[in-house]
Trainee: 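Starting off with a structure, shown below.
Since the structure is predicted, the reported quantities are computational estimates derived from the model, not experimental observations. Every heavy atom of this structure was used, including side-chain atoms; hydrogens, water molecules and symmetry mates were not. Proteins come first, then strands; the chains are lettered A, B, ... in the order of their sequence lines, and each starts at number 1.
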2 protein chains.
Amino acid sequence: MSDVARAAGVSLMSVSNAFNRPAVVLPDTRARILAVAAELGYVPNRIAGTLASGRSQVVAAIVPSIRNSSFARTVQGLSDTLADRGYELLLAIADTPERELSSLQAVLGRRPDGIVLTGNTHLPQSVALLRQAGLPVVESWILSEPVIDMAVGFNLGAAAYAMGRHLIARGYRHIGYAGYAPADNSRFLERQLGFQRALIEAGLRDDLVFHAEEHNGFAGGRLALEALRMREPRLDAIFCSTDVFAAGLIFDCQRQSIRVPEDLAIAGYGDFEIAAEIVPRLSTVRTRGYEIGQAAARLILDRAEGREAPIRYDVGHELVLRESS
Amino acid sequence: MSDVARAAGVSLMSVSNAFNRPAVVLPDTRARILAVAAELGYVPNRIAGTLASGRSQVVAAIVPSIRNSSFARTVQGLSDTLADRGYELLLAIADTPERELSSLQAVLGRRPDGIVLTGNTHLPQSVALLRQAGLPVVESWILSEPVIDMAVGFNLGAAAYAMGRHLIARGYRHIGYAGYAPADNSRFLERQLGFQRALIEAGLRDDLVFHAEEHNGFAGGRLALEALRMREPRLDAIFCSTDVFAAGLIFDCQRQSIRVPEDLAIAGYGDFEIAAEIVPRLSTVRTRGYEIGQAAARLILDRAEGREAPIRYDVGHELVLRESS
DNA sequence: CTGAAAGCGCTTACAG
DNA sequence: CTGAAAGCGCTTACAG
């Protein structure tokens with residue numbers, strides 16, 4: 001910066017102002033400074049700027065995975081919104097509360113202006129660390145208590161409940177659930193509970209539950225079919241906690257010549273791209289992952305820049321009924 | 001930090017050393033310092049550390065998209081390797097050379113210790129900026145010239161060529177190509193050229209080429225089928241530049257009762273998870289996206305930490321022959 | 001092994 | 001509108 005100041009014949013302050021408060025410096029002076037800076041290939045050092053100003057213009061996000069279109073969409077929404085507002089994204093991938101804590105420690109040392117977490121299942125130390133840091137934090141993909149600071153998501157249970165009601169209304173009576181259940185994770189639990197609530201209200205069996213080992217594999221659907229049929233030969237529908245399970249299940253039905261939905265109805269969760277294309281097209285719950293990312297970024301920045309922001313933001317969900325159920 | 005130093009009755013230096021050069025401070029002193037730090041909830045300010053030391057322990061990556069399992073895998077490989085070595089990932093998503101440049105300007109201000117780019121199609125200003133910054137940069141998913149600094153990838157053309165040879169060996173004679181072709185992008189061009197080379201060598205028509213508007217949509221396959229059949233009614237095989245196109249094509253064939261591979265053979269590129277599951281299972285080119293991310297991180301860190309690193313690193317590729325061709 | 005000094009490249013708050 | 005001073009929280013290089 002001092003090179004630029006010297007070459008342009010102005011003080012450091014004027015260079016700083018030329019970049020950061022265009023209004024405050026004379027148009028001529030500013031143009032000259034910018035020209036010199038461009039010529040010299042000067043890129044302002046935002047590390048020094050951060051240290052001096054206490055504002056990093058960086059938002060950190062910790063997601064469990066990006067090989068799953070839901071979170072990939074959220075990261076995309078975050079990235080787009082942050083870039084628009086001149087912020088950068090510091091990304092950490094952590095799929096357990098323990099890894100989340102260590103990502104948090106690493107990331108906090110970078111003094112981000114805010115943090116986006118996934119879900120509300122955290123280690124107590126993580127929560128303590130966050131409170132002490134005192135920065136805006138949004139928990140995404142969940143809306144229920146406890147909330148550390150702000151939450152952006154939708155009612156996971158209601159969405160699953162709605163799909164349960166739909167299947168029941170279509171006349172299915174022996175309905176299984178293919179899910180995934182890491183310990184104490186409310187994001188997964190709420191879906192299952194919402195779905196079971198629909199079954200219970202209708203007086204149906206709600207214990208046809210299968211939990212896959214992995215969240216992301218197509219195999220989840222296949223294994224669920226095997227396991228659930230063993231328990232209930234009259235099984236006539238399966239609700240999958242993700243579209244990937246549902247797709248795996250459909251592929252398996254094709255191989256076994258089980259007709260969908262005639263012999264077995266299938267419903268998914270997520271409305272991934274494949275849902276609209278697979279044969280038969282998949283009924284699913286549309287979740288707004290991109291909007292979650294956008295809204296999370298907006299809430300963080302509003303707060304970081306001293307504006308008001310809601311504690312909770314519901315992006316909603318929607319049933320998308322297609323051919324599979 | 002000064003709070004910690006005071007509370008522990010030592011100098012700033014000792015606190016710094018306790019965190020950064022454990023060997024240099026007495027075990028007792030170090031334990032006391034760490035205990036005090038933990039009690040106070042002290043998280044070292046790495047922004048100040050970066051400014052003072054000139055090393056940020058941050059690596060930036062610019063990818064065109066993450067809603068495509070290839071790059072998602074690369075980001076995962078990058079993230080895992082960086083986290084293991086105590087580095088953070090600054091991620092930018094930019095899908096055109098223009099956006100790449102503006103991401104670059106933003107990211108360079110953060111003084112990363114290295115940068116990972118995708119492909120070798122850049123604006124001249126981007127290259128100039130990078131050269132001036134003088135930090136380690138790796139271009140990923142490409143190996144061909146020109147290389148700015150280092151490259152990690154595999155021979156895109158050879159992989160496509162191999163698949164072309166395979167289809168020809170299987171007896172297909174009217175083979176189409178379903179691709180995507182943003183202006184001047186060598187990553188896409190190399191695949192197409194490699195494939196066409198196989199056709200030309202075999203004396204087959206190499207102009208059955210269809211370019212989709214979008215890289216990521218399932219619709220690409222469907223549109224290709226329509227367009228290519230119009231041009232060549234005897235069309236007996238289609239090579240898709242991504243598995244997503246191939247899957248979309250298979251779904252469309254199911255709808256139209258076109259048997260795969262009997263009526264039409266299909267091959268993909270990428271070996272996404274779906275390839276092994278779809279009916280029929282998809283023949284494809286396995287690309288090692290995760291390894292690309294790992295290797296890119298390794299090369300950057302080796303150089304950033306003063307070690308030698310190769311200019312070019314080939315992760316290889318592999319033909320995975322399944323049922324669809 | 002431990003510590004006092006200088007400096008990293010900016011911004012803040014103030015004076016001119 | 002422009003500028004000289006102080007300081008952000010660390011690390012470097014050196015002396016003790």
Trainee: Is any side-chain N of the basic residue among A:Arg73 and A:Glu291 closer than 4.0 Å to the acidic one's carboxylate O?
Mentor: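 Salt bridge: no.
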Trainee: Figure out the CZ/C1' separation between B:Arg21 and D:dC14, and round it to whole Å.
Mentor: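 Checked: the CZ to C1' distance equals 12 Å.
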Trainee: Which parts of residues 43-55 of chain B get close to DNA chain D, meaning a heavy atom less than 4.0 angstrom away?
Mentor: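 B:Asn45, B:Ala48, B:Gly49, B:Ala52, B:Ser53, in order of number.
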Trainee: Looking at A:Arg312 and A:Glu139, does any basic side-chain N land under 4.0 Å from a carboxylate oxygen?
Mentor: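 Answer for the salt bridge query: no.
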Trainee: Can you name the ring pair (Phe, Tyr, Trp, His ring centres under 6.0 Å) partners of A:Tyr87, sequence neighbours left out?
Mentor: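 Scan of A:Tyr87 (ring pair (Phe, Tyr, Trp, His ring centres under 6.0 Å), adjacent residues dropped) gives none.
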Trainee: Is B:Tyr42 near enough to D:dC10 that one of its side-chain N or O atoms lies under 4.0 angstrom from OP1 or OP2?
Mentor: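 So the side chain of B:Tyr42 is within the cut-off, an N or O lying under 4.0 Å from OP1 or OP2 of D:dC10.
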Trainee: Taking the six-membered ring where the residue is Trp, are the ring centres of B:Tyr313 and B:Phe154 under 6.0 Å apart?
Mentor: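 Distance test on ring centres: not under 6.0 Å, no.
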Trainee: When all nucleic acid strands are considered with a 4.0 Å heavy-atom cut-off, which category describes A:Phe19: base, sugar-phosphate, or nothing?
Mentor: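 Nothing, no nucleic acid heavy atom in range.
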Trainee: Show me the protein contacts with nucleotides 2-6 of chain C, counting only N or O atoms at under 3.5 Å.
Mentor:
{"from": "C:dT2", "atom 1": "OP1", "to": "B:Thr29", "atom 2": "OG1", "distance (Å)": "3.2"}
{"from": "C:dT2", "atom 1": "OP2", "to": "B:Leu26", "atom 2": "N", "distance (Å)": "3.4"}
{"from": "C:dG3", "atom 1": "OP2", "to": "B:Ser11", "atom 2": "N", "distance (Å)": "3.2"}
{"from": "C:dG3", "atom 1": "OP2", "to": "B:Ser11", "atom 2": "OG", "distance (Å)": "3.2"}
{"from": "C:dG3", "atom 1": "OP2", "to": "B:Ser14", "atom 2": "OG", "distance (Å)": "3.0"}

Trainee: Using a strict 4.0 Å threshold on nitrogen-to-oxygen distance, state whether B:Asp149 and B:Arg303 make a salt bridge.
Mentor: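 Here B:Asp149 pairs with B:Arg303 in a salt bridge, since their nearest N and O are under 4.0 Å apart.
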Trainee: Between A:Tyr290 and A:Asp80, is the side chain to side chain donor-acceptor pair (under 3.5 Å) condition met? List the steps.
Mentor: CA-CA 10 Å; A:Tyr290 186 85; A:Asp80 289 352; 2.5 Å; yes
Trainee: Which whole-number value in Å describes the distance from B:Arg32 CZ to C:dC1 P?
Mentor: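 These atoms are roughly 15 Å apart.
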Trainee: Tell me: CZ of A:Arg111 to C1' of D:dG9, nearest whole Å?
Mentor: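 Taking atom C1' of D:dG9 as the reference, CZ of A:Arg111 is at 9 Å.
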Trainee: Please name the nucleotide paired to C:dA13 by Watson-Crick or G-U wobble geometry with both distances under 3.5 Å, or report none.
Mentor: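 For C:dA13, the partner nucleotide comes out as none, under the 3.5 Å rule.
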Trainee: Whole-Å distance between C:dC10 C1' and A:Asn20 CG?
Mentor: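 After rounding, the gap between these two atoms is 9 Å.
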Trainee: Okay, side chain of A:Ser103, backbone of A:Arg99: is any donor-acceptor separation there less than 3.5 Å?
Mentor: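 Yes, because the side chain of A:Ser103 sits within donor-acceptor range (under 3.5 Å) of the backbone of A:Arg99.
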Trainee: Does B:Asp314 come within less than 4.0 Å of B:Arg288, counting only side-chain N to carboxylate O?
Mentor: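 Looking at B:Arg288 together with B:Asp314, the answer is no, because their closest N to O distance does not fall below 4.0 Å.
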Trainee: Please state whether the phosphate of C:dT11, meaning OP1 or OP2, lies under 4.0 angstrom from any side-chain nitrogen or oxygen of A:Ser16.
Mentor: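 Checking A:Ser16 against C:dT11: at least one side-chain N or O falls below 4.0 Å of OP1 or OP2.
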